Structures are given as structure tokens and as C-alpha cells.
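In listed order, ligands and their atoms are each counted from 1. All values derive from a computational prediction rather than experimental measurement.
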Amino acid sequence: MKIITLNDHLKSIYGTKVYKLSLSSGCTCPNRDGKLSYGGCTFCSAMGSGDFILNGIPLQQVPNVTQTTPLLPNASMLHAEYIQPDTHEQLEYAKKLVASKISANIPESERKYIAYFQSFSGTYGDNDHLRKIYTEAISDDSVVTLSIGTRPDCISDECLDLLMELNKIKPVWIELGLQTIHENTALRINRCYPLDVFEDTYSRLKAAGITVIVHMILGLPGESHEDMYASMRYLAELSPSLDGIKLHLLHILKGTKLAEEYAAAPFHIMSLEEYIEVVVNCLTILPDETVIHRMTGDGPRRLLIEPLWSLDKKNVLNRLNKAIREH
Ligand code: SF4
């Protein structure tokens, strides 16, 4: 088994580590604003993405950031059409957050970034608005790639034209939240689109030359190991082939529908050992060329109900890397 991690991939292109700047597009999500549903996917937290890294970090805790206005939407803003904090302010804020976590030996002038519109559905908005924020993001010289997380039912032909246009300036990645190929699970988690919508959008994006990364969740309620492997086999057989994958561990977060479901009728939660086995088997199924963007996820500590072992992320990654090496 050969694995290309996102770090390996980016280093091979840019010769250096590339950092991710998590940004808000100001867009909401049709699964939350009432177009499809008000509830959202059952696992989705109020911030629209379980691993939104700026979630819950007061600006005052980030070195040299004095601004007191929240840059990001909060739960009370969810039903606005979209709320757009200034992209440049967000970029600077996110760069300071990165700087607070990395070695000061890496000069700021040498740092390269991916501008990542992470929360909610980053293409669910008026095209003029999308053009403005995406263009602002890639206008920053240190940004080498534009990455946008979204749903497959939120990419209009007009939006696709825009993505193609921007892709000629800097690489554009679209990250599609698929989570599972199984329709019964999709119904249970209230994903609110069928698999053929993913297939259609995937084909349109790939035909347009856009890099596509798919998000999958391991440990969804009711799914067996074999169900998860079937999802991986499906992705492995996509044509044209998939560019990248993010494997997420299912997190049950306070305040979500999933937390209510779990409290009412607890379902199986994978142990660390089981998760490692499943991830290694998934990696074995995926083609060697698929870039592995993630092998687990970060659940916000203050919200996490299960699995609590995931809080020790260092241990999880060490154990995963050891298992991969041994395999
Ligand atoms: S599509 Fe994404 S943002 Fe919308 S409810 Fe589901 S997980 Fe949350």
C-alpha cells in the first residue's frame, strides 16, 4: 500500500509545506435554510462543519489580533441569505492563527497557503458574491490554491463557469460532502440529496478540469465495516478518477440531531482499534494516486460527546501511522 498524503502532494508541487486558511464564504446551506430542510445533516454542528478550526476561538486569543467583531457566522445568523465578513480580514486572521501554531523559523514571506472556504455550502450564493470572495482570496500572492467545501446540489452551470475561469488563474479544488454512498444512511443522516446528484456534479466538475476531493464519514449510524468499504470501492472506481479524499471519524456533538438520536437509542461507536483497522482497509481499497487529505477529524473538545478517545489526536495519528507502516 502506497499513500500520498496532502503534505507529500503539496511539497512535490511547491517544494514546501502549504498551510490552510479556513475562511467563511458567508453562504448558508439549503439543508439548513429551509430550501431542503431546516434541520441540516444530523451530525452537523451550528457552525456548519464539524471541524471548522476557527469555531470557538476568541479573536483575543490569537496573537496580534485585536479586532473584537466576530469574523464568522454564528448559529443566530444561519437564516440570513449570506453574511460575508471581509475576505482580507479573514485571510489575515487565519494567517495569524497559522503563525501561532508553527515554528517562527519559517519566514512569513516564504509561507504558502490554501484559501479554504470551509463552513456550510461555499458555492450556495449569488454568483457576483461568489466571484467577489473567491477573487479576493486568490488575489493574495501567498495563496496558491482556492479550495471550496460544498454540496453537489449547489453547483449551478453559472458557478461552474466561474470555477473554470478562476482555475485558469490558480488551481481550484471543490470538496464535496458525500459521507456515504448508501441511500438508507443518507436518509437517516438527512443528507437530502441522492447519489445520482453527486455523480452528475462529479462528472461536470471533472469535465471542467476542477480538482475534486470527497469527504466521507466513517462510523455513521447503522453502517457496517463492509458498508464503509463498499463506499470506498465506489470511489475507487469513479471515472475519471478521484483526486483526493478526506476520511472523517463520525463525531457526536452536543446540540446536534445526532446527539438526540444517540441519547434516545445509542448506536455502535467505533473503538480506536476498530477505527484504525477500518481506515487501513479503506486506504488499501483506494487507488495509490488518490491524495489522502485527512484520516480523522477534530471534534471541538467542548462539544464532543463521542468518541472521546478522538480527543487525543496525537495518539490517534501516531497509532494510525504505525498501523499504516506495519501494513
Ligand atoms: S450539507 Fe454541510 S453545512 Fe449543510 S447541513 Fe449538511 S454538513 Fe451541514
Side-chain angles (χ1 to χ4, degrees), residues 22-56 72-84 116-125 130 133 147-156 159 173-183 185-202 205 212-221 223 231 245-262 293-294 297-300 303-305:
S22 287
L23 307 172
S24 165
S25 62
C27 303
T28 63
C29 167
N31 207 9
R32 283 185 163 275
D33 70 359
K35 187 174 176 194
L36 296 172
S37 135
Y38 285 110
C41 303
T42 60
F43 55 83
C44 183
S45 69
M47 292 304 287
S49 170
D51 56 2
F52 196 48
I53 66 164
L54 299 181
N55 183 9
L72 300 166
N74 59 41
S76 65
M77 298 172 173
L78 291 180
H79 299 295
E81 190 182 353
Y82 52 74
I83 302 107
Q84 176 52 24
Y116 178 30
F117 288 100
Q118 179 175 6
S119 57
F120 300 104
S121 298
T123 55
Y124 184 53
L130 300 178
I133 59 169
S147 187
I148 306 159
T150 192
R151 294 168 56 91
D153 54 1
C154 289
I155 301 188
S156 63
C159 177
W173 299 354
I174 288 292
E175 305 197 15
L176 296 175
L178 177 61
Q179 327 306 358
T180 177
I181 63 159
H182 302 288
E183 301 291 6
T185 313
L187 270 178
R188 184 164 173 179
I189 62 173
N190 196 44
R191 190 183 65 190
C192 282
Y193 71 80
L195 189 60
D196 57 5
V197 169
F198 166 81
E199 287 173 356
D200 177 59
T201 300
Y202 181 79
L205 286 166
V212 182
I213 294 133
V214 169
H215 290 228
M216 300 297 283
I217 297 182
L218 302 176
L220 286 168
E223 289 212 343
S231 287
I245 188 167
K246 281 188 177 175
L247 296 173
H248 296 271
L249 165 67
L250 178 73
H251 285 120
I252 303 177
L253 300 178
K254 287 177 192 158
T256 60
K257 286 259 162 54
L258 190 67
E260 287 172 25
E261 184 186 332
Y262 184 69
H293 288 237
R294 255 183 186 275
D298 296 315
L303 295 181
L304 187 68
I305 296 172

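The distance from atom 4 (Fe) of ligand 1 to the nearest N/O/S atom of Cys29 is under 2.8 Å. Taking 2.8 Å as the threshold, Cys41 counts as a candidate ligand of atom 6 (Fe) of ligand 1, since one of its N, O or S atoms lies below it.
For ligand 1, the atoms lying closer than 4.0 Å to a non-hydrogen atom of Phe120 are 3 (S). Within the listing of ligand 1, atoms 5 (S) sit less than 4.0 angstrom from a heavy atom of Gly40. Per-residue contacts place Arg151 under 4.0 angstrom from the following atoms of ligand 1 (heavy atoms of the residue considered): 1 (S).
A side-chain donor from one of Glu223 and Thr180 sits under 3.5 Å from a side-chain acceptor of the other.
Leu23 is not listed as a side-chain neighbour of Ile133, based on a closest heavy-atom distance of 4.5 Å or more.
Below 30°, between 30° and 60°, or above 60°: for Trp173 and His293 the angle between ring planes is above 60°, a perpendicular geometry.
The one candidate from Cys27, Cys29, Cys159, Ser121 that meets the side chain to side chain contact (heavy atoms under 4.5 Å, CB included) condition with Cys154 is Ser121.
Between Lys35 and Asp33, no side-chain nitrogen of the basic residue sits less than 4.0 Å from a carboxylate oxygen of the acidic one, so the salt-bridge criterion is not met.
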